[in-house]
Number of protein chains: 2
Amino acid sequence: MKSHDVVMAWFTDELASGRLQVGDQLPSERALAERLGLSRNTLREALRVLEVLGAIESSTGSGPRAGTFVTASHGPAISTVFRLQMATRQVTPEDVFRVRLALETQAAAQASPERGDWEGAAALLTRMDDPSLPVAEFLRLDAEFHVLCSRAAGNTLLSVLMDALRLVIADHTLERAAALTDWKAVVAGLQREHRALLDALREGRGADAAAHLERHIRGYYGITAEAGAV
Amino acid sequence: MKSHDVVMAWFTDELASGRLQVGDQLPSERALAERLGLSRNTLREALRVLEVLGAIESSTGSGPRAGTFVTASHGPAISTVFRLQMATRQVTPEDVFRVRLALETQAAAQASPERGDWEGAAALLTRMDDPSLPVAEFLRLDAEFHVLCSRAAGNTLLSVLMDALRLVIADHTLERAAALTDWKAVVAGLQREHRALLDALREGRGADAAAHLERHIRGYYGITAEAGAV
DNA sequence: AGGACCAGCGTGGTCCGACCACGCCCGCGC
DNA sequence: GCGCGGGCGTGGTCGGACCACGCTGGTCCT
């Protein structure tokens, strides 16, 4: 067993037994290294992994806010893995697009009208109506709107994946949008579809929402493809 | 900028520029540390992260097979993140099940008859016919069969996610199956469905395959749920 | 001359001890 | 009583050292 696995096993065991929960503070690196029978350097390698994986967070200094704490922000970690996969040419934006479509339609089909933050979603759409909004900002809000809608499915894994995928293709999406000639007309169409989707979701018409979503995403993908974007 | 990010930036840049490709060997830790202006300990923290993320692989010793090499096996990494999420009670097996269903039906709908390894899939099914096969082994082959089918979609990201999800719920699936009373009858039904799915896939009936798949997965999930499994 | 063997060397893996920057906390001094 | 500054513990980084491993080339025996 690698030393690294010792730390990972200890950590997951502490979590499973409930001795450690999200928000709790870990022992100091020096203390933990001694307890696990490792050197501080080796322990730190494992802790750094857990940090990148979004399982812990560290701050320097002293006092109640200093030290290492258990967190649960795994989204960026998944995003990092996906990014690496794209860097090694293993995954294409097309792949990401397809997976996103599958996940989001599934989320819409399972969405519960009570669980969604529809006021927040509507507020986002209002902000996106502003014609002076830069393209990048519109796309950011657009992605946020979609993630918010997918959260109504009550599936944490689905939300995390959606968020990770959004981050991965953010740059690519921006490039595509930049190639469009009549951006304002496209925005108007997108906003119409957004509102139809939102209405379907808050009224519990899941299948309807999924259909709207599929048209919405495929449509935008087609428009940007025609515009000669990469 | 954190030292850790220096290494990550260097690595992704090398990949993006093509100076580093999958299969290539990295400089030795001592040399790389000096080149990046870091201590070997700090560098190793970053390398360990890349290793867990499935981007590199290290072997001790000397010669052409020793050293650190660029790889692209990110599946286990994603699986690790998901496992951590389940450990922190952020994600439930139900969540994983739903996402898997969405991904797999999408994969079936996009599957291309030419791209699949149908002989390999059929061989798997034949092995799964063996009545003396332990439950755990059957489930392992079953998961392998599903991953193999999903690969026909030609979407690396989808395949990787499928594989990661399979690893995450492997234990949970085994528990569910153990609660069944008439395992042999269930196997017979599953195998019938597998063959119908395989036929639909190799004949290019994507929508048909997706429908088969949905019934197949939902059906098994329902049976094990009735059996009182967790 | 050919083959078996072994020491050397470079690799990653681990450990130690040290120093730094930071930020709360307590006690000193006003 | 109040303000302030040093103490101390935190993570962050560094340099050096030793280990186990496994190829590699040379030596030595046949």
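We name chains A, B, ... by the order of the sequence lines, and we start the count at 1 in each one. All values reported here derive from a predicted model rather than from experimental measurement.
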Review point. Where do B:R140 and B:E137 land on the side-chain contact (heavy atoms from CB on, under 4.5 Å) test, with the steps shown first?
Key: CA-CA 5 Å; B:R140 203 184 60 74; B:E137 182 65 7; 3.1 Å; yes
Point to revise | Pair A:K2 + A:D5: basic N to acidic O under 4.0 Å | key: no
Exercise for review: Side chain of B:R40 only, please: which of D:dA17, D:dC23, D:dG16 is the nearest?
Suggested key: D:dA17
Check your understanding: Roughly how far apart are B:Q25 CD and B:F69 CZ, rounded to 0.5 Å?
Key -> 4.0 Å
Review point. Looking at D:dG12, D:dG22, C:dT14, which one has an atom nearest to any side-chain atom of B:S62?
Key: D:dG22
Review point. DNA chain C: A:G61 or B:S59, which has the more 5' nearest nucleotide?
Key: B:S59
**Study point:** Rounded distance in Å - CD (A:E45) to C1' (C:dG12)
**Key:** 10 Å
Exercise for review: Round to the nearest Å and state the distance from A:L32 atom CG to D:dG9 atom P.
Suggested key: 18 Å
Practice item. Please tell me which of the listed nucleotides, C:dG13, D:dG11, C:dC15, lies nearest to the side chain of A:R44? Key: D:dG11
Review point. Using a cut-off of 4.0 Å on non-hydrogen atoms, how would the nucleic acid contact of B:G63 be classed: base, sugar-phosphate, or nothing?
Key: sugar-phosphate
Study note, to complete from the structure: Among the nucleotides C:dG12, C:dG13, D:dT10, whichever has the atom closest to the side chain of A:S28 is D:dT10
Exercise for review: With side chain to side chain donor-acceptor pair (under 3.5 Å) as the test, would you mind laying out the steps for B:S58 and B:T68 before giving the verdict?
Suggested key: CA-CA 4 Å; B:S58 299; B:T68 307; 3.2 Å; yes
Exercise for review: Between B:R30 and A:P27, just flag the one whose closest nucleotide in DNA chain D comes earlier from the 5' side.
Suggested key: A:P27
Exercise for review: Starting at atom CG of A:N41, determine the distance to atom P of C:dT14, rounded to an integer number of angstrom.
Suggested key: 11 Å
Point to revise | Rounded distance (Å) that lies between atom C1' of D:dG12 and atom CD1 of A:I56 | key: 14 Å
**Study point:** Selected nucleotide, minimal atom distance to A:S39 side chain, candidates C:dC15, D:dT13, C:dG12
**Key:** C:dC15
Practice item. Write down the distance between CG (B:L36) and C1' (D:dT13), rounded to a whole number of angstrom. Key: 15 Å
Review point. Closest to the A:R65 side chain: C:dG13, C:dC15, C:dC24?
Key: C:dC24
**Study point:** A:D13 and A:R19 ion-paired at < 4.0 Å
**Key:** yes
Study note, to complete from the structure: Rounded to whole Å, CG of B:L43 lies from P of D:dC14 at a distance of 10 Å
Check your understanding: Rounding to a whole Å, what distance do you find between B:K2:NZ and D:dG11:C1'?
Key -> 8 Å
Check your understanding: Of the nucleotides D:dG11, C:dC15, D:dT13, which one has an atom closest to the side chain of A:L38?
Key -> C:dC15
Check your understanding: Choosing from D:dT13, C:dC15, D:dC14, which nucleotide comes nearest the side chain of B:S3?
Key -> D:dT13
Review point. Roughly how many Å is it from CD in A:E29 to P in D:dT13, rounded to a whole number?
Key: 10 Å
